[in-house]
Amino acid sequence: MWDPEKYRSFGDHRSRPFFELVARIDAEKPRRVVDLGCGPGQLTGVLAQRWPEARIDAFDSSPEMVAAARASGIDAEVRSAEEWQPAPDTDVVVTNAVLQWVPTHTALLPQWVAALPSGAWLALQVPGNFDAPSHVAIRELAARDEWRPRLESSGILQPRDVLDPSGYATLLTAAGCTVDAWETTYLQRLTGTDPVLEWVTGTALRPVRSALDDEAWAEFTAQLAPLLRAAYPQRADGTTWLPFRRVFAVAHKSGD
């Protein structure tokens, strides 16, 4: 249950890593460009503008996100990362803030590289903040006796399996790529009464929202809000700073 409107409300914060990722892709005239995990599609159009002669394929596992993308004119399809395989003419793959939801992605990445043509590009960005106070608070609350029975199967109690930049560089180099990998911690300036809660509602709390009915969801977020306010106190000017670490890797497949 992704909320496209909630996600869009933080478009600037969420878009910046995408632009910084795509800027490192040095493809000139790709035949097919894939947006793997396109979300509501507002950034898929950027790929079409960057490479106007390419065929753009957009996929997302969320029907709600695909519906939002289609409503904005993006020809998106419902498909999971686990089901996807590159077409023979796929020259660019972009996957932005998606693979953290795919536990098997470290096994999938070498498979995708093997299926891509020589000279293809694969660019990924994943959040690297799963040990941040926000996510620790969510897991600790979900682990309480009141919530554990209802959230045990949601996956929220399991740590997300993402690598650091050297991990992705090692993995993709072994797959036959030249790799540019890095990380950035963005200090995001948020406003509002519970801005961090609003932020995680659009992403990290997705499994919780899917597992709970409306009444239980309201109670869970009511208990979470003061924990997040304590972890991220509001400044005198009414703003809240949210550090957000992200991990990037851009891989260029070497010639055979």
Side-chain angles (χ1 to χ4, degrees), residues 1-19 21-22 33-48 56-87 90 92-109 112 122-130 134-135 138-139 142 150-151 153-162 197-214 216-217 220-221 244 246-247:
M1 284 184 62
W2 286 100
D3 183 344
E5 292 306 317
K6 181 71 68 177
Y7 196 86
R8 284 192 180 114
S9 70
F10 293 99
D12 182 59
H13 291 306
R14 300 196 194 280
S15 299
R16 181 178 172 184
F18 176 90
F19 284 102
L21 177 69
V22 172
V33 175
V34 175
D35 189 355
L36 185 58
C38 64
Q42 80 271 26
L43 296 175
T44 307
V46 174
L47 301 178
I56 307 296
D57 290 346
F59 307 106
D60 201 282
S61 62
S62 165
E64 294 87 359
M65 285 293 192
V66 168
R70 289 176 176 169
S72 63
I74 303 297
D75 187 18
E77 298 180 17
V78 178
R79 185 180 299 179
S80 69
E82 293 92 339
E83 298 170 336
W84 177 77
Q85 283 295 314
T90 301
V92 173
V93 180
V94 177
T95 176
N96 182 60
V98 174
L99 296 182
Q100 73 275 12
W101 298 108
V102 184
T104 59
H105 77 268
T106 55
L108 290 172
L109 286 168
W112 293 341
L122 190 157
L124 69 91
Q125 181 269 124
V126 291
N129 64 336
F130 297 108
S134 56
H135 289 61
I138 292 168
R139 290 196 299 270
R150 285 180 279 185
L151 297 176
S153 62
S154 71
I156 194 64
L157 295 171
Q158 303 301 318
R160 296 295 167 188
D161 184 19
V162 300
L197 177 62
E198 287 294 305
W199 174 273
V200 297
T201 294
T203 52
L205 286 179
R206 181 194 70 144
V208 176
R209 184 66 186 97
S210 298
L212 300 179
D213 60 26
D214 291 348
W217 167 249
F220 185 90
T221 53
F244 199 114
R246 294 183 183 270
V247 178

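Throughout, numbering of the chain's residues begins at 1 and tracks the sequence.
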Can you tell me how far apart [atom1] ([X]) and [atom2] ([Y]) are? Round to the nearest 0.5 Å.
X    : Y    : atom1 : atom2 : result
I56  : T44  : CD1   : OG1   : 8.5 Å
T104 : L108 : OG1   : CG    : 4.0 Å
T201 : R209 : OG1   : CZ    : 9.5 Å
D35  : D60  : CG    : CG    : 8.5 Å
D57  : I74  : CG    : CD1   : 12.0 Å
L43  : F18  : CG    : CZ    : 5.0 Å

Please report the shortest heavy-atom distance between [X] and [Y], naming the atom on each side.
X    : Y    : answer
L36  : V98  : O-CG2, 3.5 Å
P63  : V78  : CA-CG2, 4.1 Å
A204 : I138 : CB-CD1, 4.1 Å
V247 : G128 : CG2-CA, 4.4 Å
R150 : A211 : O-CB, 3.9 Å
A97  : P127 : CA-CD, 4.2 Å

Mind checking side-chain contact (heavy atoms from CB on, under 4.5 Å) for R79 and listing every partner two or more places apart, or none if nothing turns up? F59, E77, E83, W84

Quick one: ring pair (Phe, Tyr, Trp, His ring centres under 6.0 Å) partners of F244, sequence neighbours excluded? W199

With sequence neighbours left out, write down each residue that passes salt bridge (Lys or Arg N to Asp or Glu O under 4.0 Å) with E82, or none if nothing qualifies. none

Any side-chain heavy-atom pair of L47 and V94 under 4.5 Å: yes

Among V93, T95, V162, which residue meets the side-chain contact (heavy atoms from CB on, under 4.5 Å) test with L124? T95

Output, in order, the C-alpha distance, side-chain angles, deciding distance and verdict of side-chain contact (heavy atoms from CB on, under 4.5 Å) for L151 and L212. CA-CA 8 Å; L151 297 176; L212 300 179; 3.9 Å; yes

Can you check whether A76's main-chain N or O pairs, donor with acceptor, with R70's side chain at less than 3.5 Å? yes

